[in-house]
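Read the structure below first, then the notes.
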Amino acid sequence: MTKQKSEDLGDVYGAKTPEAARKLYDDWSHSYDADNLRKGFRLPSLAAGLLARHLGSSVSGPILDAGCGTGLVGETLAILGYGPITGCDLSPEMIAAARRTGVYADVTVANMATGLPFADNAFAAFTCIGSFGPGHAAPESLRDLARVTRPGGIGVFNLLSATWESQGFPAVIDGLKAAGHWEEVEISVPFRPYLLAEPELWSRLHVMRML
């Protein structure tokens, strides 16, 4: 039997390499939902709701849930009536948990640091929730997310308020705007991803439309 392990966010954000992050999330996968939902984790539902508001009910085509983890975002999107949904994640154990939800048309292990294994314009929308931050995917991953999303498609991702500038996200976001790859549709007000824990942690949701 796989030993269940609860991870501290400090450990997760302290990962120095993709391999270290993969090991942490593999170990955490069996208790991830319980650990996070016990803390009042609302980021997945807020992100899915924001994507749904901008997509409306007429979206046609697959949605990419990048950094899908155990499938919290994908499950919410499926309940809202969206699909088919493709999930990808760095951690094979997280992918296994996402597959067990039964809401994904396809799931695959992928390292956003080395590129997504999908064709250009393959998706009508993407979400990337909880995958950016210290020890996580680099800002350059946004370029690949924009590449695999078709013109007119919507992308939703979150960034931590305290670190997004120091990690270099503004330069990449603005560079994609200047190059005509996407436009900014909305940035949420800062909010706490956890209602019952981590009071120092604040995040924003960013919504982009591909051009």
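Because only heavy atoms are used, hydrogens play no part in the values below, and waters and symmetry mates are left out as well, while side chains stay in.
Separation of atoms CG (L72) and CG (L43) is listed at 10.0 Å; rounding is to 0.5 Å. Within the model, atoms CG of L159 and CG of L205 stand 9.0 Å from one another, a figure rounded to the nearest 0.5 Å. The distance from the OG1 atom of T149 to the CH2 atom of W182 is 9.0 Å, given to the nearest 0.5 Å. One finds the CG atom of N158 at 4.0 Å from the OG atom of S203 (value rounded to the nearest 0.5 Å). Atom-to-atom distance recorded for R143:CZ and I173:CD1 is 11.0 Å, nearest 0.5 angstrom.
Identified under the salt bridge (Lys or Arg N to Asp or Glu O under 4.0 Å) test for residues 152-163, with sequence neighbours left out: none. Residue pairs meeting the salt bridge (Lys or Arg N to Asp or Glu O under 4.0 Å) criterion with at least one partner in residues 98-116, sequence neighbours excluded, do not occur; the list is empty. Applying the salt bridge (Lys or Arg N to Asp or Glu O under 4.0 Å) test to pairs two or more places apart or on separate chains, none has a residue in residues 69-85. For residues 39-78, the pairs satisfying ring-ring contact (aromatic ring centres under 6.0 Å, His included) are F41-Y194, with sequence neighbours left out. Sorted by first then second residue, the ring-ring contact (aromatic ring centres under 6.0 Å, His included) pairs that include residues 91-116, not counting sequence neighbours, number zero. A salt bridge (Lys or Arg N to Asp or Glu O under 4.0 Å) check over residues 129-140, counting only residues at least two apart or in different chains, returns nothing.
At a threshold of 4.5 Å between non-hydrogen side-chain atoms, the residues F132 and T163 do not count as touching. Side chains of E184 and R209 form no contact here, defined as non-hydrogen atoms less than 4.5 Å apart. Within the 4.5 Å cutoff, no side-chain heavy atoms of E198 are placed close to those of P193. The side-chain heavy atoms of C88 and V109, taken from C-beta on, include no pair separated by under 4.5 Å. Taking the side chain as every heavy atom from C-beta outward, I63 and L77 approach each other to under 4.5 Å. The side-chain heavy atoms of M208 and L176, taken from C-beta on, include no pair separated by under 4.5 Å. Side-chain contact between I95 and T108: absent, with no pair of heavy atoms (C-beta onward) separated by less than 4.5 Å.
For D174, the salt bridge (Lys or Arg N to Asp or Glu O under 4.0 Å) test picks out K177, with sequence neighbours left out. For H206, the ring-ring contact (aromatic ring centres under 6.0 Å, His included) criterion is met by F157, W164, not counting sequence neighbours. For R53, the salt bridge (Lys or Arg N to Asp or Glu O under 4.0 Å) test picks out E186, with sequence neighbours left out. Evaluation of the side chain to side chain contact (heavy atoms under 4.5 Å, CB included) rule for R42 yields S45, L46, F191, R192, L195 as partners, not counting sequence neighbours.
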In residues 116-128, what donor-acceptor pairs under 3.5 Å come from side-chain atoms, sequence neighbours left out?
from, atom 1, to, atom 2, distance (Å)
D120, OD1, R147, NH1, 2.7
T127, OG1, D65, OD1, 3.0

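Closest heavy-atom contact between P84 and A105: CB-CB, 3.8 Å. Summarising the geometry of M112 relative to S131, their closest heavy-atom pair is CE-CB, 3.7 Å, with the distance given to 0.1 Å. Across all their heavy atoms, A52 and L80 have their closest contact at CB-CD1, 4.0 Å. The heavy-atom pair separating R38 from D35 by the smallest distance is NH2-OD1, 3.0 Å. The two residues V172 and P139 make their nearest non-hydrogen contact at CG1-O, 3.4 Å.
Criterion: ILVMFWY side-chain heavy atoms under 4.5 Å apart, direct or through other members. Under it, L51 and V185 are part of a common hydrophobic cluster. V73 and I79 end up in different hydrophobic clusters when Ile, Leu, Val, Met, Phe, Trp and Tyr side chains are linked at under 4.5 Å.
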| Step by step, would you call V107 with T86 a side chain to side chain contact (heavy atoms under 4.5 Å, CB included)? | CA-CA 6 Å; V107 288; T86 293; over 6 Å; no
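When atom types are taken as modelled, the side chain of S91 and the backbone of M94 share a donor-acceptor pair closer than 3.5 angstrom. Counting only distance, with no hydrogens or angles, the side chain of D89 and the backbone of G69 share a donor-acceptor pair below 3.5 Å.
Side-chain heavy-atom separations under 4.5 angstrom define the hydrophobic clusters, and I187 shares its cluster with no other residue.
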